[in-house]
2 protein chains.
Amino acid sequence: MTGRKRQNAEARKPAILKAFYQVIEAEGFENASMAKVAKQAGVHASLIIHYFGSKEKMVMALVDHVLQTYTSLFARLPKGGEPQERLERLLSLIWSREWHNAASFSVVFSFLALSQRDPSVMDRVRNLYGHYRRYLLEQMVLLSKAGVIRVDDPKGSAEALISLSEGSHYFCRYHIEPGTFDAHCRHMIRAARTILNATAS
Amino acid sequence: MTGRKRQNAEARKPAILKAFYQVIEAEGFENASMAKVAKQAGVHASLIIHYFGSKEKMVMALVDHVLQTYTSLFARLPKGGEPQERLERLLSLIWSREWHNAASFSVVFSFLALSQRDPSVMDRVRNLYGHYRRYLLEQMVLLSKAGVIRVDDPKGSAEALISLSEGSHYFCRYHIEPGTFDAHCRHMIRAARTILNATAS
DNA sequence: CTATTAATTGAACGTTCATTTAATAAGGGA
DNA sequence: TCCCTTATTAAATGAACGTTCAATTAATAG
């Protein structure tokens, strides 16, 4: 039974990370041991060490993977096209199901807690959202010039928009009653439009 | 050295919880062992078990304590007085330093992660914010009647206000540059006023 | 077919974990 | 003073932890 099937090492890493992710989701970061991850991945714990070097490095690899998920989301934010249509696509992407369900809160919250004491994780989170912030600031200026929105403080408006969207994600996780997600998103988009003093579509 | 000083059991529990809190903040929830908490509190690990029964019960006690901190904050939200002044006090309390620094993010994030898989913790968080939601909804109606704000959907406005404030807490933890906290709060209060269609003070 | 390399396992390591049990010390009431 | 309750420690428990290392198996190259 030993050394049964052979796979490429690099191809197996994502499978192990997925198992790690699942164990965290099911049992919490504090209970996600190497043995449990190995069992979930159908592999021996020593193989994980062989691939990642240590548990800590595996944690960092998963942090990167989760942040990459958000990077991919941010990359889909509209950058061209008609201003009015760009605003619409922007708002409906931020308040979409896939945006809200991008990653497990169990995992994300654990990593945000980790970021509070690990400077390297903090930097990565900061850097990720830095792109988002700069994008929104840029759009505030562009959309304002195009007359689609009216803001006299683009930086403040971008901060408000980020806060509203992040807070909304948080809100949904705790206070949304079944079947009211779409209504909530409509409320938030309306609030966002009000903040931006935008002309309703 | 054994049985040195004697203190009331109930009086010592808070000291142990404080030590637990500090260890989580410094080393993370996943590394906060009984031994470390005992050392931080200057007692033996077995004494902690004697007081709390088990580690899990101690965790729940700390969850309650942290949530109680927020309950105390919410209790300070203005309920009477002139409507216009009430709105001002409401906004400046939500965007105040003490509101933002109410609890360590390391601890809070870990507990929010915990709430995702522990229904009893989830219920407590839900219940805590339920009060906040109901309070804001009530104020939306009252302030609207008084003509201080103009909202046609009080529930949606309350949701937007909560999202904006929660997201702002999150935002500050990652993206605030030194010395810009007050400016950020001014931006957020302004955005809140816009959402509420309030008359500026 | 053989030699080599890399994937994978199995067993063992020392450490730390939460918890239990027994022993000890301190204070309060009689 | 002595006793009883209880706070507190000390020591020991077995399980689980992350990690190491040698052994074993599968693919690959010659």
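Each chain gets a letter, A, B and so on, in the order its sequence line appears, and its residues count up from 1.
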**Message:** Would A:D153 and B:R190 count as a salt bridge (charged side-chain N to carboxylate O under 4.0 Å, His left out) here? Give the steps.
**Reply:** CA-CA 11 Å; A:D153 176 13; B:R190 195 178 168 207; 5.0 Å; no
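Between the NE2 atom of A:H44 and the C1' atom of C:dA11 there is a distance of 8 Å, given to the nearest Å. Atom CE of A:M58 is separated from atom C1' of D:dT19 by 13 Å (rounded to the nearest Å). If you measure from atom CG of B:L47 to atom P of C:dA23, you get 19 Å, rounded to the nearest angstrom. Atoms NZ (A:K55) and P (D:dT20) sit 15 Å apart, rounded to a whole Å. Going from atom NZ of B:K13 over to atom P of D:dT8 covers 13 Å, rounded to whole Å.
Between A:I49 and B:I48, it is B:I48 whose nearest contact on DNA chain D lies nearer the 5' terminus.
Between A:F105 and A:F109, the angle of the ring planes goes over 60°, which puts this pair in the perpendicular group of the 30/60° scheme. Using bins of under 30°, 30° to 60° and over 60° for the plane-to-plane angle, the ring pair B:H169/B:W99 lands in the tilted bin. Below 30°, between 30° and 60°, or above 60°: for A:F111 and A:F29 the angle between ring planes is above 60°, a perpendicular geometry. Taking the six-membered ring for Trp and thresholds of 30 and 60 degrees, B:H100 and B:H184 have ring planes more than 60 degrees apart, a perpendicular arrangement.
Here the closest heavy-atom approach between residue A:R124 and residue A:L67 is recorded as CB-CD1, 3.5 Å.
For the pair A:Y51 and C:dA7, the criterion of a side-chain N or O lying under 4.0 Å from OP1 or OP2 is not met. The side chain of B:H50 places no N or O atom within less than 4.0 Å of a non-bridging phosphate oxygen (OP1 or OP2) of D:dT6.
Partners of B:Y174 under the ring pair (Phe, Tyr, Trp, His ring centres under 6.0 Å) rule, at least two apart in sequence or in another chain, are B:Y170.
Residue A:H175 places its NE2 atom among more than 12 non-hydrogen atoms of other residues, nucleotides or ligands, all under 6.0 Å distant.
For B:S46 against D:dA10, a side-chain-to-base donor-acceptor contact under 3.5 Å is present.
A:D118 places no side-chain N or O within donor-acceptor distance of the main-chain N or O of A:L114, the cut-off being under 3.5 Å.
Of the residues in residues 22-35 of chain B, not one comes within less than 4.0 Å of DNA chain D through any heavy atom.
When distances are taken from the side chain of B:R12 to each of D:dC21, C:dT19, D:dT8, the shortest belongs to D:dT8.
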Could I get a table of every N or O pair under 3.5 Å where one atom is in the protein and the other is in nucleotides 12-14 of chain C?
none

